[in-house]
Peer 1: 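I'd like to ask some things about the structure below.
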Number of protein chains: 2
Amino acid sequence: MSQNGVGVDLETSLGYLLKEASSALRAAMEAVLRPLGMSVTHYSCLELLAQRPGLSNSELARGAFVTRQTMNVLLQNLEREGYVTRPAEAPVGKALPTRLTPSGRRSLEEATVAVRSVELRMLAGMTETERSAALRILRSMVHSLRDGSDGAPLQERRKA
Amino acid sequence: MSQNGVGVDLETSLGYLLKEASSALRAAMEAVLRPLGMSVTHYSCLELLAQRPGLSNSELARGAFVTRQTMNVLLQNLEREGYVTRPAEAPVGKALPTRLTPSGRRSLEEATVAVRSVELRMLAGMTETERSAALRILRSMVHSLRDGSDGAPLQERRKA
DNA sequence: TGACTCATGTCAGGATTCTGACATAGGTTG
DNA sequence: CAACCTATGTCAGAATCCTGACATGAGTCA
């Protein structure tokens with residue numbers, strides 16, 4: 001179907017490859033999480049809470065790369081199903097610190113082994129040197145993209 | 001807000017970093033495409049058609065990492081607005097080869113310079129060696145993820 | 001030839017996510 | 001203190017995308 005022999009520079013674009021890799025990772029994670037009745041955002045939320053207990057709704061949203069509205073409905077579901085708990089009143093400000101329940105922790109453990117297998121498969125065939133190089137390169141990309149996304153292109157940034 | 005001093009291994013996870021980088025890239029692309037009234041999928045479709053004229057709806061969908069239903073409604077819009085053309089009848093099979101109109105090509109040119117600036121910003125601070133390493137590593141990830149996503153975990157695969 | 005399988009285009013319905021908006025809490029600055 | 005700004009939680013509506021389904025065309029194989 002439609003000779004791909006043209007072979008243009010789509011495969012040499014780092015942006016396209018980044019999207020392709022991210023898409024493949026998401027698909028693989030969805031495949032292993034589906035049997036557990038869990039979505040990727042679902043899992044991300046639980047994993048974030050396990051590693052940083054007491055995160056607020058907005059912080060979880062930033063960590064899972066969704067809007068705080070989306071995270072809010074997810075948290076409401078998780079709370080109703082007994083996987084997380086939030087205090088009825090904010091101890092300070094308006095932020096409600098969220099925590100995993102024992103049930104949530106058990107649910108997460110199942111998912112963690114599934115997701116870890118995906119990450120191990122992704123890293124298969126890469127040397128330790130390549131893995132650390134990948135870490136450094138991806139961090140560089142994130143940093144460069146965030147730098148100029150809001151106005152000043154290449155300016156020193158003050159405070160943080 | 002919520003001391004991040006805990007510092008767990010979220011920042012050392014290649015999967016998380018991959019998602020973070022992809023999310024940052026998408027946000028940056030949306031930011032520069034919005035003034036042109038164009039979405040990322042919109043642009044991806046036009047770019048694919050420029051590099052591989054005559055792609056079908058399903059092929060475009062795979063190239064842009066969306067379902068063919070999603071790409072179909074996008075193509076219908078683009079066709080109505082005069083950016084692409086599709087024959088009324090399929091020359092062979094059911095696939096309708098899609099092509100850019102001159103109007104579509106002009107629209108794409110604007111977007112291309114905007115997107116290229118984002119990609120250049122993303123690559124800023126990386127050496128040529130690092131860029132080729134990134135290409136190789138990302139390709140490896142995609143390949144490893146796709147390999148075991150459908151059944152056989154670590155088996156030899158026959159005929160491609 | 002006929003049955004089977006696969007890919008494609010398309011329609012309809014539902015699920016997910018986002019955009020817009022509002023009220024409130026806390027910090028900052030005059 | 002008062003005005004302002006930022007961040008947060010939450011509600012409502014809209015946009016986006018996907019899942020399910022159907023009919024059709026082409027290739028495969030007995």
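Here is the naming used below: chain letters follow the sequence lines, and residue numbers restart at 1 for every chain. Nothing here was measured: the structure is a model prediction, and the numbers come from that model.
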Peer 1: Does A/Glu110 use its side chain to pair, donor to acceptor, with the backbone of A/Leu36 at less than 3.5 Å?
Peer 2: no
Peer 1: Quick one: side chain to side chain contact (heavy atoms under 4.5 Å, CB included) partners of A/Arg105, sequence neighbours excluded?
Peer 2: A/Leu100
Peer 1: Kindly indicate whether the side chain of A/Gln69 and the base of D/dG13 share any N or O donor-acceptor pair separated by less than 3.5 Å?
Peer 2: no
Peer 1: Let's see if you can work this out: which of C/dG26, C/dG9, D/dT10 has an atom nearest to the side-chain heavy atoms of A/Val92?
Peer 2: C/dG26
Peer 1: Rounded off to whole Å, could you give me the NZ-to-C1' distance for the A/Lys94 and C/dA23 pair?
Peer 2: 6 Å
Peer 1: By nearest atom, which of the nucleotides D/dT10, D/dC17, D/dT19 is closest to the B/Thr70 side chain?
Peer 2: D/dC17
Peer 1: Could you state the atom-to-atom distance from CD of B/Glu89 to C1' of C/dG9 in whole Å?
Peer 2: 14 Å
Peer 1: Does any N or O in the side chain of A/Ser22 come within less than 3.5 Å of the main-chain N or O of A/Lys19, such that one atom is a donor and the other an acceptor?
Peer 2: no
Peer 1: Between B/Asn57 (CG) and C/dT10 (C1'), how many Å, whole number?
Peer 2: 9 Å
Peer 1: Which nucleotide, D/dT10, C/dT8, C/dC18, lies nearest any side-chain atom of A/Asn72?
Peer 2: D/dT10
Peer 1: Quickly work out the B/His42 NE2 to D/dC17 P distance and round it to whole Å.
Peer 2: 12 Å
Peer 1: Tell me what A/Glu30 touches on the nucleic acid: a base, only sugar-phosphate, or nothing, going by heavy atoms under 4.0 Å.
Peer 2: nothing
Peer 1: If you measure from the Lys or Arg side-chain nitrogens to the Asp or Glu carboxylate oxygens, is any gap between B/Glu47 and B/Arg52 under 4.0 Å?
Peer 2: no
Peer 1: In whole angstroms, how far is the P atom of C/dA15 from the CG atom of A/Leu74?
Peer 2: 16 Å
Peer 1: Whole-Å distance between D/dT16 C1' and B/Met38 CE?
Peer 2: 18 Å
Peer 1: Would you mind telling me which residue lines up with the more 5' stretch of DNA chain C, B/Arg68 or A/Pro91, judged by nearest nucleotide?
Peer 2: B/Arg68
Peer 1: How many Å lie between CE on A/Met71 and C1' on D/dC11, as a whole number?
Peer 2: 18 Å
